[in-house]
Q: 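Submitted below is the structure of interest, expressed as structure tokens.
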Amino acid sequence: DRSLTRWSMHLLILGGFLLMFLLDLVTTFSLDIAKYGPMIRDNGWAKLWIRDFGFDLAGLMMLVGLLIAVVRRFVLRPKIVRTELPDAASVLFLLAVVVGGFLLEGMGIAGRIPGHESNQAYSFLGYAFSWVMPASVGQYYDQAWLAHGVLSALLIAYIPFSKLFHMIATPIAIEAEKMLPSEVRH
């Protein structure tokens with residue numbers, strides 16, 4: 001009932017986050033448990049559409065939502081949006097993880113790391129990032145992957161202690177309120 005921009009921002013960030021989580025579960029199961037060939041092979045349909053395109057799409061959704069948040073919080077600064085340190089930290093933390101993922105994919109493509117050498121266009125943003133990277137960046141891929149993994153794990157651990165917790169608490173509160181009798185709600 002309030003702002004289309006605000007709801008679009010939230011939908012893009014949460015939708016991208018949930019899609020990324022789902023894709024990560026599917027990928028982990030397919031690679032580590034099922035050893036599913038189309039997910040492993042460089043030209044397998046699952047590798048191209050889930051690992052390459054799907055993760056870039058989810059990341060792009062989050063990136064657009066986060067850029068809207070940055071513009072709203074730090075540029076437009078509407079009176080109803082109070083930006084305090086925890087708010088800024090949450091947005092910047094998420095932004096670092098998302099951009100870090102695209103940088104990592106770009107490093108893999110530019111450095112011709114196994115699994116990144118063919119069909120790069122499916123990783124459309126990672127591929128765009130690779131255009132500005134020298135091939136020598138591939139020598140730092142393992143360290144960048146570790147840093148991205150640690151940063152992602154820290155983000156997940158940070159959620160219950162941050163403003164990001166409202167992405168879990170708000171839907172639960174809305175649904176719980178609907179379960180109350182109407183005379184109690186008002």
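The shown structure was predicted, so the numbers you read here are calculated from the model rather than taken from an experiment.
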Q: Drop me the distance from Met107's CE to Asp142's CG, to the nearest 0.5 angstrom.
A: 9.0 Å

Q: Under the 3.5 angstrom rule, does the side chain of Asp56 hit a backbone N or O of Gly126 as a donor-acceptor pair?
A: yes

Q: Which residues pass the ring pair (Phe, Tyr, Trp, His ring centres under 6.0 Å) test with Phe55, sequence neighbours left out?
A: none

Q: When you compare the side chain of Tyr36 with that of Leu31, does any pair of heavy atoms fall below 4.5 Å?
A: no

Q: What heavy-atom pair brings Met62 and Ile13 nearest, and what distance separates the two atoms?
A: CG-O, 3.7 Å

Q: About how many Å separate CG of Asn43 and CG of Leu48, when rounded to the nearest 0.5 Å?
A: 7.0 Å

Q: Who are the side chain to side chain contact (heavy atoms under 4.5 Å, CB included) partners of Ile50, not counting sequence neighbours?
A: Leu23, Val26, Thr27, Met39, Trp45, Ala46

Q: Can you tell me how far apart CZ (Arg51) and OG (Ser30) are? Round to the nearest 0.5 Å.
A: 9.5 Å

Q: What pairs with Phe124 under ring pair (Phe, Tyr, Trp, His ring centres under 6.0 Å), at least two apart in sequence or on another chain?
A: Phe53

Q: Which hydrophobic side chains are connected to Trp131, either touching it within the sub-4.5 Å cutoff or through other members that do?
A: Ile109, Tyr127

Q: How close do Val98 and Gly59 get, heavy atom to heavy atom, and via which atoms?
A: CG1-O, 3.6 Å

Q: Would you check if Leu63 and Leu95 make a side-chain contact, meaning some heavy-atom pair closer than 4.5 Å?
A: yes

Q: If I take atom CG from residue Leu11 and atom CZ from residue Arg6, how far apart are they, to the nearest 0.5 angstrom?
A: 13.0 Å

Q: Do His10 and Leu14 touch side chain to side chain, with heavy atoms closer than 4.5 Å?
A: no

Q: What pairs of residues pass the salt bridge (Lys or Arg N to Asp or Glu O under 4.0 Å) test when at least one of them lies in residues 37-48, not counting sequence neighbours?
A: Lys47-Asp52

Q: What heavy-atom pair brings Ser90 and Ser162 nearest, and what distance separates the two atoms?
A: OG-CB, 3.7 Å

Q: By side chain to side chain contact (heavy atoms under 4.5 Å, CB included), which residues pair with Ile156, not counting sequence neighbours?
A: Phe17, Ile159

Q: Going by the rule ring pair (Phe, Tyr, Trp, His ring centres under 6.0 Å), which residues pair with His148 if we only count those two or more places apart in sequence or in a different chain?
A: none

Q: Looking only at heavy atoms, which two atoms of Ser130 and Gly106 are closest? And how far apart?
A: CB-O, 3.4 Å

Q: So which pairs with a foot in residues 13-24 pass side chain to side chain donor-acceptor pair (under 3.5 Å), sequence neighbours left out?
A: none

Q: Just to verify, what does Val150 make a side chain to side chain contact (heavy atoms under 4.5 Å, CB included) with, not counting sequence neighbours?
A: Leu146, Leu154

Q: Could you walk me through whether Leu67 and Met9 satisfy the side-chain contact (heavy atoms from CB on, under 4.5 Å) test, starting with their C-alpha distance in whole Å, then the side-chain angles of each, then the deciding distance to 0.1 Å, before giving a yes or no?
A: CA-CA 9 Å; Leu67 291 176; Met9 172 191 72; over 6 Å; no

Q: Kindly write out the residues that satisfy side chain to side chain contact (heavy atoms under 4.5 Å, CB included) with Phe21, not counting sequence neighbours, or none if the list is empty.
A: Leu25

Q: Show me the pairs that pass side chain to side chain donor-acceptor pair (under 3.5 Å) and involve residues 100-110, at least two apart or across chains.
A: Glu105-His116, Glu105-Ser123

Q: Heavy atoms only: give me the nearest Leu155-Phe93 pair and the separation to one decimal.
A: N-CZ, 3.5 Å

Q: Search all heavy atoms of Gly138 against all heavy atoms of Ile113 and return the closest pair with its distance.
A: O-CD1, 3.6 Å

